[in-house]
Amino acid sequence: MSRLACEGGRPVRSQFMVFGAPRIGEEEIAEVVDTLRSGWIGFGPKCLRFEQDFAAYTRAPHALSLNSATAALHLALIAAGVGEGDEVITTPLTFCATANVIAHVGATPVFVDVDERTQNIDPSLIARAVTPRTRAILPVHMCGWPCDMAAIGEIAQRHGLVVIEDAAHAVEAWYAGRKVGSISPFTAFSFYATKNMTTAEGGMLTVRDATAHDRLRTLRLHGLDKDAWKRYEPGAFLPYETLEPGYKYNMTDLQASLGLHQLARIEANLRVRQEIWSAYDEAFAGLDTVRTPGLHDDAQTRHARHLYTLRLELDSLSADRPRFMAALAAENIGSGIHFVPLHLHRWYAKKLGTRRGDFPAAEAIGDTTLSLPLSAAMTLADARDVVRAVRKIVHRYRRGAAMVSGWKPEPARGAA
Ligand SMILES: Cc1ncc(COP(=O)(O)O)c(C=O)c1O
């Protein structure tokens, strides 16, 4: 094995592979140009077309285009009537936005540990977290693998709770023969720059109920009556009116220009990521120093393949995760951490009195995994570079491996 780049060797590639680079086609570029030339770049007809296409793709009755998944989750909580003094059950293994919006409506996030195998909220732990104040369950389809929605739905029904799905990672996911987006009253999707499909920033909320959808259409645009966005059209001289104090959460036609074509290519892009995923699975299967995600589709369930998380068996490695990631970066491979569990973040720890040890499965994942590049913009040759870099690093830091260049291995975790 060649010398690591961080120890003076040659990196596996000469150009840095950005983690989560999007695949933008000529169609997106042409559509953006068309919008720029149209004289209307704000919220308008392309957003509406994008909503229709997205609702059709997810088999959802309604879809609402927004400026982020964060906005989608926030609006869903408001529409579900969650407010001051309420509790919302969710996972600590997620991006902070999932819990922040619960705080925004004056409610308290109640964390429940995850299943270490799926990384998703463990339904067997949810029921005991329900109190008279619980109003909703907010599961996150972590990395793109759908949560056990049958079990979650059953608990919600038994206790009269609303389910709001965080599908920021899971546009393409299917659960038990049902498309994610069509299962619960509300499902939030993200089109952030690194997501499976992107509008640079953006999101979508699918909604089951027509009345809730009607209200949300006004809430996403200041609370103005529904067609207020048409106020600059010729002949649109009718005054618009505030129905309730809403938010500035709308998408723009510029973003929808990207979204329309990203959505049209979503299945093809998924196939690219499935291939990369399989290449990683195959390449890392024989290594005893790392563990692959180990989640496989069946006829009824489909993984959206958003994040490929490699679990480091730190006891068999003489490098910790920061060193491992720095070594990857030196090989010109970007990587990420998903996530540091929220109960360990300063604000949540203080607010909820949580501490290390409270959610052992989320902590184990949060402490030991790193996400490898997985994007439809990658080629299989790129994936092979990632594999070569991981193999090189694992080979070098495997406990008992020959020492190079005077670097001293660190003691094993927990060793004196
Ligand atoms: C699980 C999860 N939920 C919500 C969000 C928020 O998405 P957005 O950036 O579109 O608001 C993210 C973004 O990374 C996420 O990973």
Side-chain angles (χ1 to χ4, degrees), residues 18-22 47 50 54 63-78 88-105 109 111-112 114 118-121 136-147 149 152 163-173 180-181 184 186-206 220 247-252 255-256 258-259 262-263 303-309 334-343 345 348 362 365-366 369-371 373-375:
V18 176
F19 179 85
C47 290
F50 182 32
F54 198 83
L64 199 76
S65 61
L66 297 164
N67 62 14
S68 64
T70 307
L73 290 167
H74 187 202
L75 288 184
L77 286 165
I78 293 168
V88 177
I89 293 173
T90 192
T91 167
L93 192 67
T94 183
F95 185 59
C96 60
T98 312
N100 287 351
V101 290
I102 298 171
H104 291 164
V105 297
F111 295 128
V112 163
V114 298
T118 63
Q119 305 197 20
N120 285 334
I121 194 166
I137 306 176
L138 208 172
V140 177
H141 304 303
M142 182 64 184
C143 303
W145 181 252
C147 293
M149 295 312 298
I152 291 168
V163 178
I164 299 167
E165 293 174 49
D166 181 337
H169 300 178
V171 177
E172 306 92 332
V180 165
S184 300
F186 304 99
T187 307
F189 298 88
S190 174
F191 309 138
Y192 176 65
T194 58
K195 293 294 190 283
N196 288 356
M197 57 173 280
T198 184
T199 57
E201 293 280 1
M204 194 75 79
L205 180 65
T206 56
R220 67 130 166 239
Y247 301 85
K248 181 67 175 141
Y249 278 173
N250 60 277
M251 186 176 268
T252 66
Q255 292 163 302
L258 294 170
Q262 289 275 297
L263 184 62
H303 197 309
R305 313 275 174 203
H306 176 53
L307 294 171
Y308 189 98
T309 53
S335 59
I337 293 177
H338 300 92
F339 293 95
V340 175
L342 294 184
H343 69 286
H345 291 219
Y348 287 103
I365 296 161
T369 59
L370 59 88
S371 305
L374 178 68
S375 147

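Order of listing sets the numbers, starting from 1, for every ligand and every atom in it.
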Could you list which atoms of ligand 1 come closer than 4.0 Å to a heavy atom of F339?
16 (O)
Ligand 1 to L73 polar contact by distance, N or O atoms, under 3.5 Å
no
Where ligand 1 meets V140 - atom numbers and elements under 4.0 angstrom, heavy-atom basis:
1 (C)
Which residue supplies the protein heavy atom nearest to atom 16 (O) of ligand 1, what is that atom called, and how far is it?
H169 NE2, 2.8 Å
Which residue and non-hydrogen atom of the protein lie closest to atom 15 (C) of ligand 1, and at what distance in Å?
F95 CB, 3.5 Å
So which bit of K195 gets within less than 4.0 Å of ligand 1, heavy atoms only: side chain, backbone, both or neither?
side chain
Okay, side chain of N196, backbone of V171: is any donor-acceptor separation there less than 3.5 Å?
no
Atoms of ligand 1 less than 4.0 Å from T98 heavy atoms?
3 (N)
Using the ring centroid of each side chain, check whether F95 and H306 are separated by less than 6.0 Å.
no
Tell me the protein heavy atom at minimum distance from atom 3 (N) of ligand 1, and give that distance in Å.
D166 OD2, 2.7 Å
Which ligand 1 atoms does T94 reach within 4.0 Å, using its non-hydrogen atoms?
1 (C)
Numbered atoms and elements of ligand 1 in range of G202, under 4.0 angstrom, heavy atoms:
10 (O)
Parallel, tilted or perpendicular: which describes the rings of W145 and H303, with under 30° parallel and over 60° perpendicular?
tilted
Y247 vs Y249 aromatic rings, parallel, tilted or perpendicular, using cut-offs 30° and 60°?
parallel
Counting only heavy atoms, which portion of A168 has something under 4.0 Å from ligand 1: side chain, backbone, both, or neither?
side chain
Side-chain contact test, heavy atoms from C-beta onward, threshold under 4.5 Å: evaluate it for M149 versus V163 and give yes or no.
yes
Ligand 1 contact on T70 by region, counting heavy-atom pairs under 4.0 Å
both
In terms of relative ring orientation, are H169 and F339 parallel, tilted or perpendicular, with 30° and 60° separating the classes?
parallel
Between T198 and F191 (side chain of the first, backbone of the second, donor and acceptor by atom type, cut-off under 3.5 Å), is there such a pair?
yes
Any N/O pair S190/ligand 1 closer than 3.5 Å
yes
